[in-house]
Each structure stands twice: as C-alpha cells, then as structure tokens.
Amino acid sequence: MVGTRTQNSTAQVTEFILIGFQLSRTMELFFVSLLLVVCFFTLTGNLMIITLVCVDRRLQTPMYFFLSNFSFLEIFFILTIAPKMMMNLFSLNKSISFFGCITQCYSYFFFGTSEIILIAVMAFDRYVAVCHPLRYTIIMNGGVCVRLILVCWVGGFLNNLGPIILLSQLTFCSSNVIDHFFCDYAPLIKLSCNDVHALLMLESTLSALVLLSSLGITVVSYLYIIVTVLRMQTSGSRRKTFSTCASHFTVASIFYGSAIFMYSLPSKGRSRDVQKAVAVLTIVVTPVLNPFIYTLRNEKVKDALRNCLQKHQHML
C-alpha cells in the first residue's frame with residue numbers, strides 16, 4: 001500500500017492502482033490501439049457537428065444548438081477517462097494520484113450528469129417542435145435555450161459537488177487497489193475506512209433524482225409526440241416528424257439503458273467484468289456512435305456536410 005505511516009497511526013493512501021481488465025500485454029497494446037482509433041473518430045465526429053452548426057445557417061436552430069452542446073459534453077466526457085486509461089494500458093505503471101483520482105471521478109459524473117439533463121432538454125425541444133409548431137420559435141427563443149443549457153452545466157456541477165467533497169475527506173487505508181479501469185465512485189468508496197452509509201445514501205439519492213427526472217421528462221415528451229404524430233393525416237407528415245426525433249430517441253435509449261444498468265439495478269451477483277464492459281460501452285463506444293447516429297439519420301446534417309465539403313473542394 002502506498003502512503004506514509006507514523007507511529008500509532010494508519011497509513012493514508014496517496015495514490016491508487018487501477019487494475020482494469022487484467023489483460024495480457026499483447027491485448028493491452030491492442031486495446032490501446034483500438035482506443036486511439038475510437039478517440040480519433042469521437043473527437044473528429046463531434047467537432048464536425050460543432051463546426052457544421054457554427055457555419056451553416058440552416059443548423060442554427062434550438063435543436064442543433066443543443067446538439068452542439070451535447071457534442072461538447074461528449075468530447076469532455078471521453079477525454080476525462082480515455083487518455084489516462086490508454087496511459088495505464090501502455091505502461092506497466094497503473095497508478096493514479098489521489099488528487100487525480102478524485103478529479104477524474106468528479107469530472108466523469110459532472111459531464112455524465114450534464115448529458116442526462118441535456119437529453120431531457122432535447123426531448124422537451126422535440127415536444128414543443130412537434131406538438132406546438134406555431135409557437136415553437138416563441139417558446140424556444142434564444143434566451144430560453146441559453147438558460148436551459150446553463151441548467152444542464154450548472155446542474156451537473158452542483159449535483160456532484162457535495163458527494164465529491166465528502167469523498168475527498170474520507171480516509172482510504174484498507175487498500176489502494178481499485179477494481180476498475182477508472183476512478184468510479186462505487187469501487188473507490190469501498191476502500192474507505194470510514195462509515196460511508198450516509199454518503200452512499202446521498203450519492204444514490206442525487207443520482208436517482210437526476211436520472212428519473214430526466215427519464216420522466218423524456219418519456220412524457222415522447223408520449224405526447226407519438227400521440228400527435230398518430231393524429232396526422234398523411235403518412236409523409238408522420239414519417240418526416242418521426243425522422244426528426246429518431247436520432248435523439250436512439251441516443252437517449254442507449255444512454256438511459258446503460259446508465260440504469262450500471263447505477264440503478266442491484267449489483268449483487270453481477271460480475272465486476274460485466275460492469276466494466278458496460279462502462280466501456282458508456283465511456284468509449286457511445287460517444288463515437290452519437291455523431292454517426294445524428295449524421296446518418298439526419299438529412300439537414302448530411303446536406304450541411306456535403307455543402308461544407310463542396311466549398312472546401314472549390315477552395316482547393
């Protein structure tokens with residue numbers, strides 16, 4: 001165990017060891033290469049969406065304003081975990097400092113919580129666009145959109161601030177080995193010598209409140225959308241309306257599904273490796289899928305991308 005020991009006292013952990021998946025050296029290097037490719041496509045895809053929203057006037061609407069902010073969060077989200085994860089896989093040193101671990105844990109939940117809130121905001125935006133099209137520009141004006149984005153960022157910041165401050169003040173003396181590939185809250189808190197029941201209750205309550213509130217808003221919004229779409233008289237109108245919501249609905253389903261599996265269902269009897277695999281899906285796979293989901297299923301984004309590429313070719 002890493003730490004300093006004085007007489008009649010217990011050594012305090014100053015760094016942690018992330019044991020990850022305990023792969024062979026060959027598999028670790030292969031996984032590093034795979035992560036590099038995934039990170040490249042994640043950063044490229046999300047930066048492409050942000051750039052298109054900024055340069056194409058047709059995409060400067062509330063829907064794409066929220067989408068560009070979602071891309072920002074996805075970039076920060078993967079950069080919180082992936083670089084350190086690749087460093088640990090590439091080198092034989094699997095350690096992370098105490099401060100680095102606490103910072104990584106907070107950043108992971110900060111950006112993740114902000115994304116959960118933003119998914120609900122995007123669902124509400126689609127509800128207003130479909131169910132109240134004539135008042136859409138009035139309801140979702142610029143000031144409202146900015147305030148909703150602030151709610152996402154500030155909500156993510158404040159929701160996890162209390163638990164992470166309390167977590168940083170715990171004494172970690174039983175072990176410094178974390179059975180995960182990043183500093184997740186649950187395996188980290190298990191290493192503490194203190195009574196953590198109140199802290200676990202606080203963290204679980206705040207997480208459940210945000211997740212269930214976001215899920216509730218999203219479900220209710222889509223129920224209203226489905227009812228409105230089914231009342232449309234022409235199949236063309238129904239198909240066009242569904243297509244504008246399909247990308248967000250797909251991303252929301254993946255996000256909520258993995259979040260509920262990881263943090264809401266009982267973990268007893270569930271393999272730690274299974275939980276790690278789901279974490280990889282959430283942290284690495286989902287961010288790289290989102291740009292493809294939004295570009296391949298959205299005609300406006302595809303048109304904007306084609307126009308941008310054509311302009312670039314003419315400039316050359």
Side-chain angles (χ1 to χ4, degrees), residues 1-5 10-47 72-112 115 160 164 167-193 258 262-263 267 270-291:
M1 177 169 59
V2 179
T4 58
R5 185 182 296 274
T10 306
Q12 167 65 13
V13 168
T14 57
E15 65 179 33
F16 296 97
I17 306 298
L18 299 167
I19 63 174
F21 285 101
Q22 295 180 291
L23 303 171
S24 66
R25 187 59 181 162
T26 303
M27 288 300 298
E28 284 184 337
L29 294 176
F30 170 76
F31 202 40
V32 169
S33 303
L34 187 61
L35 278 173
L36 280 171
V37 174
V38 169
C39 285
F40 172 78
F41 282 108
T42 298
L43 297 177
T44 302
N46 284 292
L47 286 173
F72 267 118
L73 286 170
E74 290 284 66
I75 291 172
F76 290 132
F77 189 70
I78 194 169
L79 290 179
T80 296
I81 307 297
K84 183 61 179 176
M85 184 178 173
M86 287 187 287
M87 287 175 59
N88 286 354
L89 286 169
F90 186 75
S91 68
L92 297 176
N93 182 11
K94 312 296 182 184
S95 66
I96 182 171
S97 68
F98 180 86
F99 177 76
C101 190
I102 296 296
T103 302
Q104 186 185 65
C105 182
Y106 176 72
S107 299
Y108 170 76
F109 284 100
F110 166 36
F111 295 124
E115 283 191 352
N160 302 286
I164 209 68
L167 177 66
S168 65
Q169 295 176 346
L170 294 177
T171 301
F172 298 92
C173 54
S174 59
S175 172
N176 70 333
V177 178
I178 300 176
D179 188 13
H180 216 316
F181 57 83
F182 76 103
C183 291
D184 197 0
Y185 196 90
L188 181 59
I189 203 172
K190 288 180 180 178
L191 303 181
S192 174
C193 311
S258 56
M262 285 179 66
Y263 298 108
S267 60
R270 193 161 16 122
S271 169
R272 171 61 67 178
D273 287 337
V274 172
Q275 295 182 53
K276 293 177 189 176
V278 177
V280 170
L281 173 67
T282 304
I283 296 167
V284 179
V285 179
T286 302
V288 78
L289 287 178
N290 291 342

task: Provide the closest heavy-atom pair for Phe181 versus Ile283 in the form atom of the first, atom of the second, distance.
output: CE1-CD1, 4.0 Å
Separation of SG atoms, Cys183 and Cys105, below 2.5 Å: no
Listed partners of Phe31 passing ring-ring contact (aromatic ring centres under 6.0 Å, His included), at least two apart: none
message: So which atom in Pro187 and which in Ile178 form the shortest heavy-atom distance, rounded to 0.1 Å?
response: CB-CG2, 4.0 Å
- prompt: Leu167 and Leu188: which non-hydrogen atoms are nearest, and at how many Å?
  reply: CD2-CD2, 3.7 Å
With sequence neighbours excluded, residues passing ring-ring contact (aromatic ring centres under 6.0 Å, His included) with Phe72: none
- prompt: So which heavy atom on Val177 is nearest to which on Leu191, and how close?
  reply: O-CD2, 3.6 Å
field: Verdict with supporting geometry, Ile81 and Tyr108, side-chain contact (heavy atoms from CB on, under 4.5 Å)
entry: CA-CA 7 Å; Ile81 307 297; Tyr108 170 76; 4.1 Å; yes
- request: Mind checking the CG-OG spacing from Leu79 to Ser107? Nearest 0.5 Å is all I need.
  value: 11.0 Å
- prompt: Can you list every salt bridge (Lys or Arg N to Asp or Glu O under 4.0 Å) pair that touches residues 280-290, not counting sequence neighbours?
  reply: none
field: side-chain hydrogen bond (donor to acceptor under 3.5 Å, both in side chains) partners of residues 94-105, not counting sequence neighbours, each pair once
entry: Glu28-Lys94, Asn93-Ser95
Review item, side-chain donor-acceptor pairs of residues 35-45, under 3.5 Å, at least two apart:
unit_1, atom_1, unit_2, atom_2, d
Thr42, OG1, Val38, O, 2.8
Thr44, OG1, Phe40, O, 2.7

- request: Could you grab the distance from atom CZ of Phe16 to atom CZ of Phe172, nearest 0.5 Å is fine?
  value: 4.5 Å
query: Pairs in or reaching into residues 74-87: which pass side-chain hydrogen bond (donor to acceptor under 3.5 Å, both in side chains), with residues at least two apart or in two chains?
result: Glu74-Asn290
Criterion side-chain contact (heavy atoms from CB on, under 4.5 Å) on Ile164 and Phe109, from CA distance to verdict: CA-CA 10 Å; Ile164 209 68; Phe109 284 100; over 6 Å; no
- request: State the CG-CD1 distance between Asp184 and Ile189, to the nearest 0.5 angstrom.
  value: 11.0 Å
